[in-house]
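One structure is given here, and the rest of the page talks about it.
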Amino acid sequence: MELCVALDLPSAEENLALAESLKSHNIWMKVGFRAYIRDGKPFIEALKKINPEFKIFLDLKLYDIPNTMADAAEEIAKLGVNMFNIHASAGAIAMNTVMERLSTYENRPLVLAVTALTSFDEENFSLIYEKGIDEKAEQFAKMSHENGLDGVVCSTFESRAIKNATSDKFLTLCPGIRPFGEDAGDQQRVATLEVATEEGVDFPVIGRPIYRDENPVQKVEKILELI
Ligand code: C5P
C-alpha cells in the first residue's frame, strides 16, 4: 500500500509548502483539477524539484473521443508524471487507443480508470448509469482490465470484488478515506485505513484529513506507521 496525498489547497504556495514538509517521506502526490488548471506544468516541475523521488498522480479524469484522449495521454506522458486517469465510461475503444498510443513510451505512466466517483450515493448513481454502484464498478473494472489499463479508481468497498473479478495485481486507488474516522465532508462512501488495508487497497488517496489537520506531517507519519 502506498499513500497518495491530495494537493487540493487553494494556492500553489500552500501545496508546495505541504509537499516541502513531506519531502522526506516516500509518498505519492495527487495533482488534481484545481492545482493543474491554476498552476500547470511549472507546478509539476516545482514538485519534482522539492523531491525528485516524489511520485506524481495527475488526476484529470480524461473523458472525450478516443483520439483526443490519446493526444492528451501523450502530452501527460511527456510531462513525466507517474500515473493519470481516464473515465471508464469513455469506453473500450478510448481505453485501447490511449494504451496503444502510450505503448511507445519507455517509462509510460500508469493508467487508471474512474469507475464510480466516491461522492455518488446509490440513488444519484443509478439515475445516470441505471445500475447499482457495485455492479457497474465491477463491470467498468473488467472492461479496463481487458483493455490493458493498470487499475481503477474506486471506493474501498469495491476494491476486493474488483481484484477478484480481474487480478490481484490490478491496482485499486481509493479516495474517500478517513484514516481514523475523520469528518466525511462531501464523500458518501468513506472508509478507515484499517478497512482499506483489509480490502487490499493499493493507493489510499487522502486529502482533507491531512491538509486540514493541525499537524499534517504528524498525521502522515501516523498513517505511514499503519500501512
Ligand atoms: O479531501 P479528500 O480526502 O476527500 O480528497 C479526495 C480526493 O480524491 C479529492 O482530490 C477528490 O477530487 C479525489 N477523488 C475522489 N473521488 C474519485 C476520484 C478522485 O474523491 N472517484
Side-chain angles (χ1 to χ4, degrees), residues 1-63 69-88 95 98-99 101-114 117-118 144 148-154 169-177 179 196 201-211 216-217 219-221 223-224 227:
M1 191 186 255
E2 293 180 47
L3 172 64
C4 187
V5 177
L7 298 176
D8 290 334
L9 285 158
S11 69
E13 291 69 30
E14 287 162 278
N15 279 329
L16 291 172
L18 178 62
E20 178 73 39
S21 71
L22 298 173
K23 72 176 174 190
S24 59
H25 294 96
N26 187 18
I27 51 181
W28 285 71
M29 294 287 166
K30 184 175 90 73
V31 178
F33 279 162
R34 189 181 200 179
Y36 196 73
I37 288 170
R38 188 187 50 218
D39 309 316
K41 189 177 173 186
F43 181 68
I44 306 281
E45 285 160 358
L47 275 179
K48 287 190 178 172
K49 222 167 157 189
I50 290 174
N51 179 0
E53 303 292 313
F54 273 151
K55 297 265 178 64
I56 300 174
F57 166 37
L58 193 57
D59 180 20
L60 298 183
K61 303 184 183 74
L62 305 184
Y63 185 102
M69 285 175 66
D71 287 344
E74 213 173 331
E75 296 303 334
I76 289 172
K78 288 182 199 159
L79 281 177
V81 300
N82 308 87
M83 178 156 74
F84 73 96
N85 55 1
I86 66 174
H87 267 287
M95 290 177 183
V98 164
M99 297 317 288
R101 191 78 73 81
L102 290 179
S103 64
T104 53
Y105 286 80
E106 221 171 88
N107 271 323
R108 72 156 175 84
L110 296 170
V111 187
L112 307 180
V114 178
L117 296 173
T118 44
S144 310
L149 269 73
D150 302 291
V152 287
V153 182
C154 61
K169 293 202 180 87
F170 195 59
L171 302 169
T172 56
L173 176 139
C174 304
I177 306 273
V201 170
D202 295 289
F203 297 99
V205 175
I206 308 178
R208 286 164 285 186
I210 290 174
Y211 65 74
V217 179
K219 190 65 168 274
V220 164
E221 284 167 359
I223 293 168
L224 290 176
I227 60 183

Exercise for review: Verify side chain to side chain contact (heavy atoms under 4.5 Å, CB included) between His25 and Leu3, making sure each step is shown before the conclusion.
Suggested key: CA-CA 10 Å; His25 294 96; Leu3 172 64; over 6 Å; no
Practice item. Walk me through it: do Arg34 and Asp59 pass the test salt bridge (charged side-chain N to carboxylate O under 4.0 Å, His left out)? Key: CA-CA 10 Å; Arg34 189 181 200 179; Asp59 180 20; over 6 Å; no
Point to revise | Test log, rule side chain to side chain contact (heavy atoms under 4.5 Å, CB included), inputs Leu9 and Leu18 | key: CA-CA 9 Å; Leu9 285 158; Leu18 178 62; 4.0 Å; yes
Check your understanding: Going through the distances and angles, do Ile86 and Val114 end up as a side chain to side chain contact (heavy atoms under 4.5 Å, CB included)?
Key -> CA-CA 6 Å; Ile86 66 174; Val114 178; over 6 Å; no
**Study point:** Evaluation steps, side chain to side chain contact (heavy atoms under 4.5 Å, CB included), between Lys55 and Asn26
**Key:** CA-CA 8 Å; Lys55 297 265 178 64; Asn26 187 18; 5.6 Å; no
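Looking at Val5 and Ile206, their side chains never come closer than 4.5 Å, going by heavy atoms from C-beta outward. Residues Phe170 and Asp202 form no side-chain contact, since every pair of their non-hydrogen atoms from C-beta on lies 4.5 Å or further apart. Using a 4.5 Å heavy-atom cutoff, the side chains of Pro204 and Cys174 are not in contact. Inter-residue side-chain proximity for Phe84 and Leu62 is flagged as met; some heavy-atom pair is nearer than 4.5 Å. Counting heavy atoms from C-beta on, the side chains of Lys61 and Leu117 come closer than 4.5 Å. Residues Asn15 and Leu47 are not in side-chain contact: their nearest non-hydrogen atoms beyond the backbone lie 4.5 Å or more apart. No side-chain heavy atom of Pro42 sits under 4.5 Å from any side-chain heavy atom of Ile44. With a 4.5 Å cut-off on side-chain heavy atoms, Asp8 and Tyr211 count as touching.
The environment of Glu53 atom CD is sparse: at most 12 non-hydrogen atoms of other residues, nucleotides or ligands sit within 6.0 angstrom. Around atom NZ of Lys169, no more than 12 heavy atoms belonging to other residues, nucleotides or ligands sit under 6.0 Å away.
A distance of 6.0 Å or more separates the ring centres of Trp28 and Phe54.
The CD atom of Glu45 lies 12.5 Å from the CD1 atom of Ile50; values are rounded to the nearest 0.5 Å. Atoms CE and CG, on Met1 and Leu224 in that order, are 11.0 Å from each other to the nearest 0.5 Å.
A side-chain donor from one of Tyr105 and Glu74 sits under 3.5 Å from a side-chain acceptor of the other.
Across Ala35 and Leu7, no two heavy atoms sit closer than the pair CB-O, 4.0 Å.
Formation of a donor-acceptor pair under 3.5 Å by the Arg108 side chain with backbone atoms of Asn82 is not found in this model.
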